[in-house]
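Here the structure is laid out as structure tokens; the discussion comes afterwards.
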Amino acid sequence: MRPVSDVSLAAVWTPNPDHPYTWTKFLGFWCLVAGVGIAVLGLTLSVVLVRGIQDRKWGVYVIGPVILALGLAIGYVGIHLVQ
């Protein structure tokens with residue numbers, strides 16, 4: 001074992017361009033899962049609020065689609081991180 005040689009090699013380490021970035025794919029996968037979950041929540045919230053309330057205000061029509069769009073945007077970022 002040659003500790004001096006190992007230390008000098010560690011100082012000039014460069015990343016391998018063929019090695020995938022595992023943290024990027026991991027975080028992208030979780031962004032995708034969270035985005036799909038938020039999108040399903042927004043879709044469900046849209047349907048429940050429109051069907052459930054008789055006296056509808058403008059906020060009832062806005063909150064569900066906004067959450068749906070937010071979930072789709074997070075899922076879109078996750079897809080681009082995974083690729």
Side-chain angles (χ1 to χ4, degrees):
M1 184 168 160
R2 300 176 315 188
V4 175
S5 176
D6 293 338
V7 171
S8 64
L9 284 177
V12 294
W13 177 81
T14 57
N16 184 359
D18 296 325
H19 184 69
Y21 297 118
T22 54
W23 280 108
T24 304
K25 292 189 182 283
F26 176 75
L27 294 175
F29 172 74
W30 284 110
C31 277
L32 179 62
V33 169
V36 168
I38 293 171
V40 168
L41 177 72
L43 183 64
T44 305
L45 189 63
S46 296
V47 171
V48 167
L49 286 176
V50 168
R51 287 186 180 181
I53 300 173
Q54 296 301 326
D55 183 26
R56 297 183 185 125
K57 300 197 186 307
W58 67 273
V60 174
Y61 294 108
V62 172
I63 190 75
V66 166
I67 293 175
L68 175 66
L70 180 68
L72 290 175
I74 293 172
Y76 182 75
V77 169
I79 287 173
H80 279 286
L81 286 176
V82 169
Q83 289 180 347

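Put simply, F26 and L81 are part of two different groups of oily side chains (I, L, V, M, F, W, Y) that touch within less than 4.5 Å, one to the next.
Annotation for Q83 and K25: closest pair C-NZ, 4.2 Å, computed over non-hydrogen atoms. Nearest heavy atoms, C31 versus G78: CB-CA, 3.7 Å. F29 and V82 get closest at one heavy-atom pair: N-CG2, 3.5 Å. Taking every heavy atom of both residues into account, I79 and L32 meet most closely at CG1-CD1, 3.5 Å.
In this structure, the separation between CD1 on I67 and CG on L45 is 5.0 Å, given to the nearest 0.5 Å.
Clustering of Ile, Leu, Val, Met, Phe, Trp and Tyr side chains at separations under 4.5 Å places L72 together with L43, L68.
Residues passing the ring-ring contact (aromatic ring centres under 6.0 Å, His included) test with Y76, sequence neighbours excluded: H80.
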